[in-house]
There are 2 protein chains.
Amino acid sequence: MTANSWQAVRAEVLRRIRAREWPPGEPIPHEADLALELGCARATVNRALREVAESGLIERRRRAGSRVALHPVRKATLDIPVIRVEIESRGEAYDFSLITREETTPPPSIRARFKAPDARLLHVTGLHLADGQPHALEDRWIDAQAVPDTLTTDFTRISPNEWLVLSVPFEGGDIAFSATTASATEAQALTCPEGAPLFVTDRTTWRGERTLTSVRLLFAPGYRLHTRL
Amino acid sequence: MTANSWQAVRAEVLRRIRAREWPPGEPIPHEADLALELGCARATVNRALREVAESGLIERRRRAGSRVALHPVRKATLDIPVIRVEIESRGEAYDFSLITREETTPPPSIRARFKAPDARLLHVTGLHLADGQPHALEDRWIDAQAVPDTLTTDFTRISPNEWLVLSVPFEGGDIAFSATTASATEAQALTCPEGAPLFVTDRTTWRGERTLTSVRLLFAPGYRLHTRL
DNA sequence: CTCCCAAATATGTTCATACTTATTACCATA
DNA sequence: TATGGTAATAAGTATGAACATATTTGGGAG
């Protein structure tokens with residue numbers, strides 16, 4: 001970060017944007033000009049501007065040049081760790097308790113997430129505990145044909161959450177966050193009042209054309225997902 | 001993306017990780033060796049590995065080399081647009097309705113977020129509408145000393161959300177997502193039943209040592225925050 | 001045997017240069 | 001006046017070489 005590091009260039013660019021020396025919507029100087037002005041190589045300016053663009057503050061297009069974003073869409077990065085790691089990193093004891101495990105016909109809403117109509121689905125539910133307290137209720141469906149060893153794995157020893165992350169390479173996924181209220185059975189599992197507000201994450205991961213697994217996590221009341229920008 | 005682009009190198013690295021040619025926890029070849037093997041410059045390998053590391057799949061340390069992450073902490077990127085833009089990009093008509101606006105003494109929980117004890121805080125609440133339907137209830141506090149023109153801006157013409165993004169440069173912020181249930185007044189504003197589950201985002205943004213604004217957004221039932229990984 | 005310092009080393013960064021590619025602007029043609 | 005092709009341009013990428021920096025390793029001093 002001494003004189004002409006890319007971080008220094010980025011800092012200077014951010015300063016000019018914040019100071020309105022480069023107002024929103026206006027084009028900024030070309031990479032080559034900036035390199036000349038700041039006394040560094042164009043590659044260094046490129047690296048810096050690329051980072052700024054990734055944060056959403058400037059927009060870049062070939063030939064057209066770079067301009068300060070008019071409506072900056074801020075990008076926040078969420079860390080999505082394995083639940084056991086998340087709990088243990090807070091210094092709490094982790095435990096998992098399997099509730100149900102059955103190979104069964106899924107409701108249409110679940111079925112729709114698995115494009116393969118022949119998929120044999122395993123349904124697993126369980127509770128993640130932190131220091132003995134309920135932390136999250138996991139409700140998961142796994143495509144047993146797409147995921148080897150699904151039917152022979154003992155989920156009382158390892159949570160499906162962790163087992164899948166360790167043993168099944170995936171290519172991508174969708175995540176959605178929402179809110180719901182605890183049903184009677186959910187309230188009992190999470191030891192909270194019926195109707196309590198619960199934070200929900202729904203995640204579906206796939207490899208190639210095949211959906212591997214789809215999971216709903218209900219977090220105990222008070223859970224907050226936190227990040228910075 | 002032809003032969004030896006950094007994207008091609010990244011694809012090959014991802015393939016080897018997924019195929020378990022490079023198992024979790026194991027070190028991977030050095031940049032120089034990979035460059036030689038794949039027939040490209042070390043800088044190209046560096047670029048590719050840096051991207052893979054940013055996604056959380058490998059861990060890199062100087063002198064120690066790179067290794068496949070044992071517990072990959074997946075990184076998901078959230079887009080946080082101005083609410084008006086979010087709604088209009090879905091093709092819906094946006095409107096904002098100011099509910100209250102007063103300079104008043106904040107409760108201690110809010111006060112704690114503004115480090116400056118002398119801060120004069122403006123409290124603004126309003127409703128964001130999509131196609132006439134309630135979308136989100138905004139409850140915001142603004143430090144009038146840190147943010148110029150706070151007291152003279154007409155928030156019936158522009159929402160504080162958008163005004164702040166456009167006119168106040170900030171350096172960073174905290175965001176937390178959680179769930180709550182609608183109180184009586186919240187239910188009335190959002191035209192939903194009392195006790196309905198609401199998705200909440202709490203955001204505090206700052207510049208230097210000064211907290212600029214702190215906002216709580218209550219989204220109408222059914223709202224989902226969506227991303228991919 | 002333990003502790004600390006120095007050498008070795010892998011990643012991190014900068015640079016000049018050259019080439020690639022998307023996009024715009026301009027001009028000629030219909 | 002439209003339209004389509006083409007040249008100009010700015011970002012994107014690749015490369016080899018050099019230097020910077022964080023860690024580890026190993027050896028020497030105590």
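Chain identifiers are assigned alphabetically (A, B, ...) following the order of the sequence lines, protein sequences preceding nucleic acid strands; residue numbering begins at 1 within each chain.
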Report task. Using heavy atoms to find the nearest nucleotide of DNA chain C for W6(A) and A32(B) separately, return the residue whose nucleotide is more 5′. Result -> A32(B)

Report summary line: By nearest-heavy-atom nucleotide on DNA chain C, the more 5' of A64(A) and A41(A) is A41(A)

Query raised in the report: Is the distance from OP1 or OP2 of dT13(D) to the nearest side-chain N or O of T44(B) less than 4.0 Å?
Result: no

Query raised in the report: Distance check: side-chain N/O of R63(A) vs OP1/OP2 of dT21(C), anything under 4.0 Å?
Result: no

Requested in this report: Apply the test salt bridge (charged side-chain N to carboxylate O under 4.0 Å, His left out) to residues D174(A) and R113(A): give CA-CA distance (whole Å), side-chain angles for both, the deciding distance (0.1 Å), then the verdict.
Outcome: CA-CA 11 Å; D174(A) 288 313; R113(A) 293 185 204 161; over 6 Å; no

Report task. Ignoring backbone atoms, test whether S66(A) places a side-chain nitrogen or oxygen under 4.0 Å from the OP1 or OP2 oxygen of dA10(D). Result -> no

Requested in this report: Give the nucleotide from the list dA11(D), dT13(D), dT13(C) with an atom nearest to the side chain of Q7(A).
Outcome: dT13(C)

Query - Contact under 4.0 Å: R60(A) side-chain N or O vs dG12(D) OP1/OP2 - result: yes

Query raised in the report: Between residues 48-58 of chain B and DNA chain D, which residues have a heavy-atom gap below 4.0 Å?
Result: none

Query - Residue-phosphate contact under 4.0 Å: N46(B) side-chain N/O, dG12(C) OP1/OP2 - result: yes

Query raised in the report: Does the base of dG12(D) carry an N or O that pairs as donor and acceptor with the side chain of R42(A) under 3.5 Å?
Result: yes

**Report entry** Nearest-nucleotide pick for R61(B), side chain only, options being dA10(C), dA16(C), dT24(D)
**Finding:** dT24(D)

Query raised in the report: Checking only heavy atoms, does the side chain of R62(A) share a donor-acceptor pair with the base of dT23(C) at less than 3.5 Å?
Result: no

**Report entry** Phosphate OP1/OP2 of dT13(C): any N4(A) side-chain N/O under 4.0 Å
**Finding:** no

